[in-house]
Amino acid sequence: MKTVTLNNGVEMPILGFGVYQIPPEQTEQAVAEALDAGYRLLDTAAAYGNEEAVGRAIKSSGIPREELFVTTKLWVQDAPAEGNTRRAFETSLHKLGLDHLDLYLMHQPYGDVYGQWRAMESLHRDGRVKAIGVANFYPDRLVDLVLNNEITPAVNQIETHPFFQRTDEQELMREHGVQIQSWGGFAEGRNDLFTHPLLSRIGEQHGKSVAQVVLRWLVQRGVVTIPKSVRPERMAENIDVFDFELTADQLAAIAGLDTGASLFFDHRDPEMVSWLSKRRLTD
Ligand code: NAP
């Protein structure tokens, strides 16, 4: 698997498996099938409620720990953050059945962000997590976080797909040494992505599916991607994107699909800030 090198030298697979919206009772099997298909990067979150099932699949796979790259995410925490963040981290690690994480992300740019970040820095210094990063940070918040803290986030995981391409943000992140990671690479199928005429035509030119064209486009841009599927045939399809290359003309045509706007919601919308911040995990 092709990898990217994060700003602290850690190698991260460029393509992995996301488990958002996989119900806990289906997650162990899905992750086991993804590992069988060759995925080595797993992306979960405390908020997904399926960390224990991910952990069971890891354990029963027998794959050596050093071959896996496991990410989970810290949910929004109130002050005082140091204790809360450490507790949340240990809970996630316990549920996953691991003794360290590869990547720990702050899931939302809300709450006591600076307190949370400093607690994450201290977990990193203690060797509990190889890299720390953020998710859903727009450029202003990201640059402020970079400028006012010791450790620069290794990753910013943001909505990135053909209809919301984030190329300017990717450039800014590159300048600051932050690796872009796509969530919702297929836009969860919105805008009829899987039957989109342009993407279908490009797929036909390579004998590949629309899903493969989209993932290849992300990989060629240097964007880490984590497609989700509960179907083994799609898991195999989604990881089979390393034997063809999109041409400059095809990349230019896909660039024309960018609307510059989210297909989900804007993390800067005050209603979303309130709604997400009120959500508390039960444990
Ligand atoms: P996604 O990967 O864009 O799309 C998943 C959808 O596409 C599912 O409905 C899946 O259906 C379908 N699909 C997958 N492969 C396909 C294929 N080859 N052909 C046709 N349909 C296919 O959506 P996502 O799960 O929201 O995003 C990916 C990952 O990003 C998540 O799992 C999660 O790890 C992460 N994420 C992070 C955040 C954040 O705030 N940080 C937010 C959202 C997601 P089936 O399962 O039925 O195949």
Side-chain angles (χ1 to χ4, degrees), residues 12-24 26-27 29-31 33-34 37 39 41-51 53-54 69-76 92 96 102-110 133-138 141-142 153 155-166 179-196 199-200 203 208-219 223-241 262-268 272-273 275-277 279:
M12 178 180 196
I14 199 160
L15 193 149
F17 186 68
V19 301
Y20 178 45
Q21 289 172 333
I22 306 184
Q26 271 186 46
T27 303
Q29 187 180 341
V31 172
E33 287 165 347
Y39 293 83
L41 158 56
L42 301 173
D43 183 275
T44 184
Y48 300 170
N50 55 17
E51 288 171 312
V54 171
F69 189 105
V70 183
T71 303
T72 192
K73 311 185 191 85
L74 170 73
W75 191 246
V76 182
S92 285
L96 285 161
D102 296 279
L103 178 64
Y104 197 40
L105 298 178
M106 192 187 304
H107 203 149
Q108 306 290 350
Y110 307 144
V134 296
N136 300 308
F137 272 59
Y138 275 81
R141 308 292 309 268
L142 183 68
V155 168
N156 185 19
Q157 184 182 104
I158 55 175
E159 177 190 346
T160 312
H161 48 70
F163 308 117
F164 192 22
Q165 302 193 2
R166 325 286 297 254
Q179 171 65 48
I180 182 173
Q181 181 175 25
S182 153
W183 66 252
F186 299 141
E188 294 181 6
R190 291 182 190 201
N191 276 9
D192 293 328
L193 176 131
F194 293 113
T195 53
H196 189 279
L199 299 172
S200 304
K208 292 284 183 181
S209 66
V210 166
Q212 290 170 318
V213 169
V214 170
L215 296 172
R216 180 70 212 177
W217 166 75
L218 288 165
V219 165
V223 178
V224 176
T225 178
I226 40 172
K228 170 263 175 189
S229 179
V230 290
R231 307 187 198 199
E233 68 280 8
R234 289 182 177 170
M235 295 173 192
E237 176 186 333
N238 294 346
I239 203 173
D240 180 22
V241 299
S262 170
L263 287 190
F264 295 85
F265 58 82
D266 191 326
H267 281 80
R268 298 163 300 187
M272 283 315 299
V273 179
W275 188 77
L276 284 167
S277 298
R279 190 164 167 226

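Whatever order the structure lists them in is the order used to number ligands and atoms, beginning at 1. Just so you know, these numbers use all the heavy atoms, side chains as well, and skip hydrogens, waters and symmetry mates. Worth saying up front: this structure is predicted, and the values here are computed from it rather than measured.
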Determine whether E188 and K228 make a side-chain contact, defined as any pair of heavy atoms from C-beta on separated by less than 4.5 Å.
no

I'd like to know whether ligand 1 has F264 as a neighbour, heavy-atom separation below 4.0 Å.
no

Parallel, tilted or perpendicular: which one describes the rings of H107 and Y48, with boundaries at 30° and 60°?
perpendicular

Selection from N156, N136, N238, T72 by shortest heavy-atom distance to atom 18 (N) of ligand 1:
N238

With heavy-atom distances below 4.5 Å as the criterion, would you say the side chains of L41 and F17 are in contact?
no

Min heavy-atom dist G189 to ligand 1 below 4.0 Å:
no

Side chain to side chain contact (heavy atoms under 4.5 Å, CB included) partner of L142, the single match among N156, I158, N136
N156

Within ligand 1, which atoms have a heavy atom of A187 less than 4.0 Å away?
3 (O)

Counting only heavy atoms not in Q29 (residues, nucleotides, ligands), do more than 12 fall under 6.0 Å from its CD?
no

Atom 14 (C) of ligand 1: closest protein heavy atom, distance to 0.1 Å, is K228 O, 3.1 Å

P227 to ligand 1: N or O pair under 3.5 Å?
no

Check this for me - ligand 1, A135, N or O atoms closer than 3.5 angstrom, yes or no?
no

Measuring only between side-chain heavy atoms, which start at C-beta, is Y110 closer than 4.5 Å to V273?
yes

What atoms of ligand 1 come closer than 4.0 angstrom to any heavy atom of V230?
45 (P), 46 (O), 47 (O), 48 (O)

Contact between E237 and ligand 1, counting heavy atoms under 4.0 Å?
yes

shortest atom 28 (C) of ligand 1-to-protein heavy-atom contact is with I226 O, 3.1 Å

Taking atom 27 (O) of ligand 1 as the reference point, the nearest protein heavy atom with its distance:
G184 N, 3.0 Å

Atom 31 (C) of ligand 1: closest protein heavy atom, distance to 0.1 Å, is Y20 CB, 3.4 Å

Minimum-distance protein heavy atom relative to atom 34 (O) of ligand 1:
D43 OD1, 2.7 Å

To the nearest 0.1 Å, how far is atom 43 (C) of ligand 1 from its closest protein heavy atom, and which atom is that?
W183 CE3, 3.2 Å

Give the atoms of ligand 1, by number and element, whose distance to some non-hydrogen atom of R231 is under 4.0 Å.
47 (O), 48 (O)

Quick look: S229 vs ligand 1, heavy-atom contacts under 4.0 Å, and the answer is both

Side chains of E51 and S92: is there a donor and an acceptor less than 3.5 Å apart?
yes

Close side-chain approach of V224 to V155, heavy-atom, < 4.5 Å:
no

Could you name the option among F194, F17, Y48 that has the heavy atom nearest to atom 21 (N) of ligand 1?
F194

Angle class for the H267/W183 ring planes (parallel below 30°, perpendicular above 60°, tilted otherwise)?
perpendicular

Should K208 and D240 be marked as a salt bridge (Lys or Arg N to Asp or Glu O under 4.0 Å) after you check the CA-CA gap, both sets of side-chain angles, and the distance that decides it?
CA-CA 9 Å; K208 292 284 183 181; D240 180 22; 3.4 Å; yes

Close side-chain approach of L105 and Q181, heavy atoms under 4.5 Å:
yes

Checking heavy-atom distances from atom 26 (O) of ligand 1 to each of Q157, K73, E188, Q108, the winner is E188

Of L215, V214, I226, V223, which is the lone residue that meets side chain to side chain contact (heavy atoms under 4.5 Å, CB included) with S182?
V223

Students should be able to answer this: which protein heavy-atom is nearest to atom 3 (O) of ligand 1, and at what distance?
F186 N, 2.9 Å

Quick check: does A211 get an N/O under 3.5 Å from an N/O on ligand 1?
no

Heavy-atom proximity to atom 16 (C) of ligand 1, picking from R234, Q181, H267, points to R234

Using a 4.0 Å heavy-atom threshold (strictly under), name the region of S209 that reaches ligand 1: side chain, backbone, both or neither.
neither

Hey, is the main chain of R234 close enough, under 3.5 Å, to the side chain of N238 for a donor-acceptor pair?
yes

